[in-house]
Amino acid sequence: QVQLVESGGGLVQAGGSLRLSCVASGSFARINVMGWYRQAPGKQRELVADINSAGSTNYADSVKGRFTISRDNAKNTVDLQMNSLKPEDTAVYYCSMTAQKFVVPTPTYRYWGQGTQVTVSS
């Protein structure tokens with residue numbers, strides 16, 4: 001019973017900014033990696049950015065220098081600050097995380113949010 005709820009999507013002009021937020025709740029003991037994926041029409045879902053429990057981050061080459069991912073472990077949230085948005089950033093953005101159900105090391109599962117639409121107009 002894990003739920004991820006995204007917010008912050010919307011319509012913005014090219015060059016503008018948006019901040020996406022995701023809150024995780026439910027039955028889990030530890031969150032390992034939290035991240036954001038996106039899927040544009042006609043394209044496969046791709047990793048945008050993720051961040052592990054130690055704070056190490058990964059970014060897609062297409063968003064490096066423009067997007068910043070952050071997490072608050074106490075609040076079980078992950079945010080994506082998106083600056084200098086481009087029309088090609090238009091997609092449905094999905095929050096995702098890998099988590100353990102128990103504190104003792106156990107198999108890790110991946111969970112997904114419902115997605116939030118980001119549209120960048122030119």
Side-chain angles (χ1 to χ4, degrees):
Q1 296 178 329
V2 174
Q3 185 176 18
L4 300 176
V5 180
E6 302 108 329
S7 63
L11 174 65
V12 66
Q13 292 184 335
S17 298
L18 285 173
R19 187 176 183 89
L20 305 183
S21 296
C22 175
V23 179
S25 62
S27 299
F28 56 84
R30 297 185 185 277
I31 300 173
N32 297 322
V33 179
M34 304 186 78
W36 291 91
Y37 292 71
R38 68 186 181 187
Q39 187 167 22
K43 295 185 177 181
Q44 294 183 333
R45 185 174 298 185
E46 65 175 349
L47 173 69
V48 178
D50 63 21
I51 180 169
N52 69 13
S53 59
S56 296
T57 59
N58 291 302
Y59 294 93
D61 289 341
S62 60
V63 307
K64 287 181 179 177
R66 299 188 297 120
F67 292 9
T68 302
I69 189 169
S70 61
R71 65 188 284 175
D72 186 329
N73 293 329
K75 298 169 66 176
N76 294 327
T77 61
V78 59
D79 291 354
L80 184 69
Q81 179 66 47
M82 304 185 294
N83 298 325
S84 302
L85 283 162
K86 304 175 181 179
E88 50 262 45
D89 294 319
T90 296
V92 177
Y93 283 70
Y94 297 90
C95 177
S96 182
M97 73 174 192
T98 59
Q100 301 170 201
K101 293 183 178 181
F102 304 97
V103 174
V104 176
T106 54
T108 300
Y109 301 90
R110 179 171 290 279
Y111 303 91
W112 296 91
Q114 294 298 307
T116 184
Q117 178 70 47
V118 171
T119 302
V120 184
S121 62
S122 60

*Could you state the interatomic distance from CG (Asn73) to NZ (Lys75), rounded to the nearest 0.5 Å?*
12.0 Å

*Are Lys101 and Ser27 close enough, and set up right, to give a side chain to side chain contact (heavy atoms under 4.5 Å, CB included), and what steps lead you there?*
CA-CA 7 Å; Lys101 293 183 178 181; Ser27 299; over 6 Å; no

*Within a strict 4.5 Å, meaning less than it, do heavy atoms of the Ile51 and Val33 side chains meet?*
no

*Pairs meeting criterion disulfide bond (SG atoms under 2.5 Å apart) with involvement of residues 62-102, two or more places apart*: Cys22-Cys95

*Mind checking whether Glu46 and Arg38 have side chains closer than 4.5 Å, heavy atoms only?*
yes

*Without hydrogens or angle criteria, can the side chains of Ser53 and Arg30 be said to hold a donor-acceptor pair below 3.5 Å?*
no

*How long is the gap from CZ on Arg71 to OG1 on Thr57, to the nearest 0.5 Å?*
11.5 Å

*Taking salt bridge (charged side-chain N to carboxylate O under 4.0 Å, His left out) as the test, write out the residues that go with Asp50, two or more places apart.*
none

*Measure the spacing between CG of Asn76 and OG of Ser25 and express it to the nearest 0.5 Å.*
8.5 Å

*asked:* Within the supplied structure, the quantity of interest is the number of heavy atoms (other residues, nucleotides, ligands) at a distance under 6.0 Å from Gln114 CD; does it exceed 12?
replied: no

*In Å and rounded to the nearest 0.5 Å, what is the OH to CD distance from Tyr93 to Gln39?*
12.0 Å

*Say whether Val5 and Met97 are linked into one hydrophobic cluster, either directly or through other cluster members, by side-chain heavy-atom distances under 4.5 angstrom.*
no

*Going from CD on Gln1 to OH on Tyr111, what distance comes out if it is rounded to the nearest 0.5 angstrom?*
10.5 Å

*asked:* Between Asn83 and Ser17, does the side-chain hydrogen bond (donor to acceptor under 3.5 Å, both in side chains) criterion hold? Intermediate values first, please.
replied: CA-CA 4 Å; Asn83 298 325; Ser17 298; 2.9 Å; yes

_My understanding is that only residues two or more places apart in sequence, or in another chain, count here; which of them pass side chain to side chain contact (heavy atoms under 4.5 Å, CB included) with Arg66?_
Val63, Ser84, Lys86, Asp89

*asked:* If hydrophobic clusters are built by linking Ile, Leu, Val, Met, Phe, Trp and Tyr wherever their side-chain heavy atoms come under 4.5 Å apart, do Phe102 and Tyr109 end up in the same one?
replied: no

*Where Lys64 and Tyr59 come nearest, the two heavy atoms and their spacing*: CE-O, 3.4 Å

*Does a salt bridge link Arg19 with Asp79, judged by any charged N lying under 4.0 Å from a carboxylate O?*
yes

Please list every donor-acceptor pair under 3.5 Å in which a side-chain atom of residues 115-122 meets a protein atom from a residue at least two apart or in another chain.
residue: Thr116; atom: OG1; partner: Gly9; partner atom: N; Å: 3.4
residue: Gln117; atom: NE2; partner: Ala91; partner atom: O; Å: 3.4
residue: Gln117; atom: NE2; partner: Thr119; partner atom: OG1; Å: 3.3

*asked:* If I compare all heavy atoms of Val12 with all of Leu18, which pair ends up nearest, and what's the gap?
replied: CG1-CD1, 4.0 Å

_Check: Gln100 and Asn32 side chains under 4.5 Å, non-hydrogen atoms_ = yes

*Enter the distance from Glu6:CD to Trp36:CH2 here, rounded to the nearest 0.5 Å.*
5.0 Å

*Quick one: hydrophobic cluster around Tyr37, which other residues, with the 4.5 Å side-chain cut-off, linked directly or via members?*
Leu47, Val92, Tyr94, Trp112

*Could you work out the complete set of other residues in the hydrophobic cluster of Val103, with links drawn between I, L, V, M, F, W and Y side chains under 4.5 Å apart?*
none

